[in-house]
There are 2 protein chains.
Amino acid sequence: MTASINDVARAAGVSASTVSRALRGRAGVSDEVRDRIASVAAQLGYTASRSASSLASGRTFTIGVVVPYVGRWFFGTVLDAAEQVFSAAGYDVLLYNLGTPETRKRFFAKLPVRKRVDAVLSLLIPDEGESAALRSLGVPLASTVGGARPGFTVVGIDDRAGAESAVRHLVNLGHRRIGTISGSSGPLHWTTPIERRRAYLDVLAEAGIEHDPALEADGDYTLEGGERAMTELLAASRPPTAVFAQSDEMAMGALRALRRHRLKVPDDVSVVGFDDHELADVIGLTTVAQPVAGQGAEAARLLLRQLDEPDAEHPGHVQMPIHLVLRETTAPPRPRGPQ
Amino acid sequence: MTASINDVARAAGVSASTVSRALRGRAGVSDEVRDRIASVAAQLGYTASRSASSLASGRTFTIGVVVPYVGRWFFGTVLDAAEQVFSAAGYDVLLYNLGTPETRKRFFAKLPVRKRVDAVLSLLIPDEGESAALRSLGVPLASTVGGARPGFTVVGIDDRAGAESAVRHLVNLGHRRIGTISGSSGPLHWTTPIERRRAYLDVLAEAGIEHDPALEADGDYTLEGGERAMTELLAASRPPTAVFAQSDEMAMGALRALRRHRLKVPDDVSVVGFDDHELADVIGLTTVAQPVAGQGAEAARLLLRQLDEPDAEHPGHVQMPIHLVLRETTAPPRPRGPQ
DNA sequence: AATATGAACGCAAACGCTTGCGCAACAGCG
DNA sequence: CGCTGTTGCGCAAGCGTTTGCGTTCATATT
């Protein structure tokens with residue numbers, strides 16, 4: 001069918017080993033022979049079979065990337081950036097999309113990446129068992145979400161500081177009834193929602209505002225969840241004048257709910273998000289910006305470095321910068337009548 | 001390191017061939033032995049090496065998916081849906097993100113998928129040479145974009161009809177100066193922008209409206225491009241009262257531009273998009289809805305069917321339904337003074 | 001009872017590479 | 001001129017599966 005290494009060897013009048021060495025830039029081949037082999041290979045349209053070469057060498061030149069939802073902006077963007085780094089370095093990307101609990105379970109049970117990848121980049125936070133499963137692969141691991149984890153290189157942001165700046169912004173504007181839409185649900189062992197919520201509580205306490213449980217709702221990190229959560233908050237006996245949504249997509253859901261309730265943003269309710277979604281600017285959403293693509297690229301680079309220098313010292317946790325972006329969904333609370 | 005088929009064979013007291021047959025459900029193994037092998041394999045945590053098995057069998061159980069930009073909503077969503085179908089069927093997905101001309105060129109020059117995949121799903125429109133390269137792989141091909149192409153199973157929508165319904169909607173509202181933001185740029189041999197533009201021209205003609213070239217601008221299928229294009233249109237001597245943006249992301253860019261110009265939507269300008277982006281609903285964008293995830297899933301299914309029954313008859317082109325979704329960015333034109 | 005039939009399993013040859021080792025040939029050295 | 005190194009290349013043994021074919025043994029057939 002397609003040309004094999006022996007076809008090339010025969011056509012070039014050398015042995016298969018020389019072809020192998022020549023094409024991969026290994027030493028021990030004269031320039032003349034190397035050129036000849038290269039041209040013959042090109043002419044025959046020869047590409048080494050990845051299966052055969054990885055079987056023989058143990059290297060797969062493939063990176064496994066596991067993602068909760070490729071379709072969501074955050075993950076898509078991280079993946080995009082990471083893929084570019086990997087493919088530029090000659091690695092292929094094997095994608096595992098683990099949206100549902102079943103697919104996730106099946107993935108970690110069968111571990112289809114075993115013997116198939118040189119490293120794994122996880123865009124989801126594995127629980128203890130899942131972490132152990134990944135570690136059992138014996139390859140470098142990285143993650144772009146959550147906090148530091150043994151065996152993983154994780155590049156992330158300071159969730160606490162980011163959330164603090166968001167809530168503090170609302171406090172500084174004069175808000176006292178500040179709600180939050182969190183994303184804590186699901187079986188994810190995710191430090192992110194914990195950190196962000198903690199920051200919310202801390203800033204409130206620091207400002208001397210009493211915490212009202214009726215002002216917290218779960219938005220499941222989705223648009224629809226954000227909408228539901230906002231609706232819940234509005235149903236409180238004393239609804240909030242400002243809301244910190246712990247992701248932009250939930251913030252957008254909140255905006256939708258507010259629109260349905262004929263409430264004006266920011267006049268009636270202020271909203272601040274988290275992520276700086278690509279569309280946050282379009283809708284004028286005030287939010288905490290994090291370098292999403294940057295984290296994907298950085299994680300990919302760190303992984304590659306580990307593959308290149310397995311014995312060197314490698315950072316276990318790097319933090320990327322964040323900053324608050326002021327747009328048009330936050331303003332001082334509407335002056336009230338007799339308070 | 002990790003267990004091989006011989007370890008399992010030894011532990012189960014059978015030959016490697018029997019293990020192979022047993023684990024893959026092939027005939028010729030008694031139930032008793034099959035069970036024993038299964039339990040031994042589970043105990044040893046054995047997974048067959050994909051490299052070895054595909055080298056021996058010629059099957060890779062891997063699908064190559066090539067995407068222009070994973071980060072963009074449309075492609076991310078298609079990919080998500082397709083991946084689910086593939087992984088449910090036991091196939092892995094090898095992702096190629098071909099955002100830049102260089103990566104794209106390199107991909108088609110080296111064809112890293114050669115001997116690595118059983119089929120290819122392309123979310124970009126290959127030109128003639130690229131199509132030929134893909135066909136040379138000798139595996140089933142599918143695509144979710146553009147029109148019918150020889151050698152490909154393509155699942156798409158009726159772009160012409162969709163665009164017509166969008167423009168006709170604007171006409172019916174009473175608009176006469178209708179602009180369009182197209183996405184024709186780039187070296188993509190893409191029928192989509194051609195079809196959508198054609199529809200735009202046809203409907204104008206059908207309504208007896210003279211075509212004004214100043215009301216066409218290129219938005220490059222991006223948010224920023226849409227914004228630029230809208231700004232251009234507004235600079236026309238007689239700016240449009242309505243705009244048909246040929247994708248939702250460009251429509252969102254247009255909305256941003258309009259906001260910057262302090263123009264009200266839909267009071268001053270109506271906007272209709274195309275795609276029904278997940279956030280279209282949030283911002284109330286009137287648009288032509290197409291089943292994005294549906295197309296990805298359908299294409300994946302068709303590809304799998306071709307792998308299962310290579311000799312059967314397979315459809316070359318399937319069309320999915322579309323419909324106009326009315327929201328809040330379109331309205332009759334503001335009554336003018338002496339016209 | 002002899003033979004054909006089929007099921008269950010093992011043998012061994014691929015599959016297409018990589019790589020340690022060996023062997024020339026040649027250069028540099030004293 | 002012999003000796004040690006170096007360079008360029010081929011040999012052959014893997015890497016871990018799959019699969020065609022052969023063998024054995026129990027069962028069915030005449």
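This one's a predicted model, so the numbers in the text were calculated from it and none came from an experiment.
- Look at B/E102 and B/K105 and you find no salt bridge, because none of the NZ, NE, NH1 or NH2 atoms lies under 4.0 Å from a carboxylate O.
- Between A/T60 and A/S54, the shortest heavy-atom distance links the atoms CA-CB, 3.7 Å.
- Both the sub-6.0 Å distance and the 45° axial angle are satisfied by B/R59 relative to the ring of B/F61.
- Panel note: side chain B/K115, backbone A/T47; a donor-acceptor pair is recorded below 3.5 Å.
- Geometrically, A/R72 does not engage A/F75 in a cation-pi contact, judged by NZ or CZ lying under 6.0 Å from the ring centre and within 45° of the ring axis.
- When atom types are taken as modelled, the side chain of B/R114 and the backbone of A/G45 share a donor-acceptor pair closer than 3.5 angstrom.
- One end of the helix from C/dA1-D/dT30 to C/dG30-D/dC1 points its axis 40° away from the other end's axis, with each axis taken from 5 pairs and the angle rounded to 10°.
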Task: Per-nucleotide protein contact string for nucleotides 22-28 of chain D, where B marks a base within reach and S marks sugar-phosphate only (heavy atoms under 4.0 Å, - for neither) - done: -------
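- DNA chain D lies under 4.0 Å from no heavy atom of any residue of residues 28-44 of chain B.
- When the nucleotides D/dT19, D/dT17, C/dT18 are ranked by their closest atom to the side chain of B/R24, D/dT19 comes out on top.
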Quick one: which protein N/O atoms are closer than 3.5 Å to N/O atoms of nucleotides 13-15 of chain D? Pair and distance per line, please.
{"from": "D/dC15", "atom 1": "O2", "to": "A/A56", "atom 2": "N", "distance (Å)": "3.4"}

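- In this model, no donor atom of one side chain and acceptor atom of the other lie less than 3.5 Å apart for B/S20 and B/S17.
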Please write out the pairs of protein N or O atoms and N or O atoms of nucleotides 10-12 of chain C separated by less than 3.5 Å, giving the distance to one decimal.
{"from": "C/dG10", "atom 1": "OP1", "to": "B/S15", "atom 2": "N", "distance (Å)": "3.3"}
{"from": "C/dG10", "atom 1": "OP2", "to": "B/S15", "atom 2": "N", "distance (Å)": "2.8"}
{"from": "C/dG10", "atom 1": "OP2", "to": "B/S15", "atom 2": "OG", "distance (Å)": "2.8"}
{"from": "C/dG10", "atom 1": "OP2", "to": "B/T18", "atom 2": "OG1", "distance (Å)": "2.5"}
{"from": "C/dG10", "atom 1": "N7", "to": "B/R21", "atom 2": "NH2", "distance (Å)": "3.1"}
{"from": "C/dG10", "atom 1": "O6", "to": "B/R21", "atom 2": "NH2", "distance (Å)": "2.9"}
{"from": "C/dC11", "atom 1": "N4", "to": "B/S17", "atom 2": "OG", "distance (Å)": "2.8"}

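- Put simply, B/K115 has no side-chain N or O that comes within less than 4.0 Å of OP1 or OP2 on C/dC15.
- A donor-acceptor pair shorter than 3.5 Å can be found between the side chains of B/T153 and B/Q306.
- Listed by first and then second residue, the salt bridge (Lys or Arg N to Asp or Glu O under 4.0 Å) pairs involving residues 42-55 of chain B are B/R50-B/D92 (not counting sequence neighbours).
- Side-chain atoms of A/E83 do not come within 3.5 Å of backbone N or O of A/L79 as any donor-acceptor pair.
- Judged by a 6.0 Å distance limit and a 45° cone about the ring axis, B/R149 is positioned over the six-membered ring of B/F152.
- Atom-to-atom, CG of A/D7 to C1' of C/dG16 comes out at 10 Å; the value is rounded to the nearest Å.
- Side-chain contact annotation: B/S30 with B/R36, donor-acceptor N/O pair under 3.5 Å absent.
- Rounded to whole Å, the distance from CG on A/L23 to C1' on C/dG16 is 14 Å.
- Between the CD1 atom of A/I5 and the P atom of D/dG10 there is a distance of 12 Å, given to the nearest Å.
- Counting non-hydrogen atoms of neighbouring residues, nucleotides and ligands closer than 6.0 angstrom, the CD atom of A/Q319 exceeds 12 such neighbours.
- The cationic atom of B/R104 (NZ for Lys, CZ for Arg) does not lie both less than 6.0 Å from the six-membered ring centre of B/F107 and within 45° of the ring axis.
- What separates CG of A/N6 from P of C/dT18 is a distance of 11 Å, to the nearest Å.
- At least one donor-acceptor pair closer than 3.5 Å links the side chain of A/D7 to the backbone N or O of A/S4.
- One N or O on the side chain of B/Y69 and one on the backbone of B/G99 form a donor-acceptor pair closer than 3.5 Å.
- For the pair B/R26 CZ and C/dA7 C1', the interatomic distance rounds to 17 Å; values are reported in whole Å.
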